[in-house]
Amino acid sequence: MANKKTARAHAKKEFKKELAGKMESALPEVKKKLGEKKFEHRVKKAAKILVHGLHDKDFSANGNNNDVAKAAVKKIKKVKKSKAKKQVAQADNLITD
């Protein structure tokens, strides 16, 4: 049973590293402007945030992480929508007060 948990944790950790590598290669201009140390720290944080909330069931045994990436994108969109709704509600409260 412990082997399954460690295998799942490794899959999630590997996906996070893979995601960070893709972000680094996609954003060379930002890396130049921020500097290497700050950029790597921010990429690591971003990857952690994107992978947060993905569960063990999201990682398949054959290494196909397409579903995981789709789940991450859906989670980001959901968070953006909820933040927008909160901002609108706050604006409405200010107008009515």
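Source: prediction; values computed, not measured. Heavy-atom basis, side chains included; hydrogens, waters and symmetry copies ignored.
Neither Ile49 nor Val43 shares a network with the other; the hydrophobic side chains, linked directly or stepwise wherever heavy atoms of I, L, V, M, F, W or Y lie under 4.5 Å apart, form separate groups for each.
In this structure, Leu27 CG and Leu34 CG are separated by 10.0 Å, a value rounded to the nearest 0.5 Å.
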Please evaluate residues Phe39 and Lys32 with respect to the criterion side chain to side chain contact (heavy atoms under 4.5 Å, CB included), reporting the C-alpha separation (whole Å), side-chain torsions for both, the decisive distance (0.1 Å), and the verdict.
CA-CA 9 Å; Phe39 179 75; Lys32 289 178 186 175; over 6 Å; no
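Residue pairs meeting the salt bridge (charged side-chain N to carboxylate O under 4.0 Å, His left out) criterion with at least one member in residues 33-52: none, sequence neighbours excluded.
Of all heavy-atom pairs spanning Met23 and Ala47, the tightest one is CE-N, 3.6 Å.
Under the salt bridge (Lys or Arg N to Asp or Glu O under 4.0 Å) criterion, Lys22 pairs with Glu18, not counting sequence neighbours.
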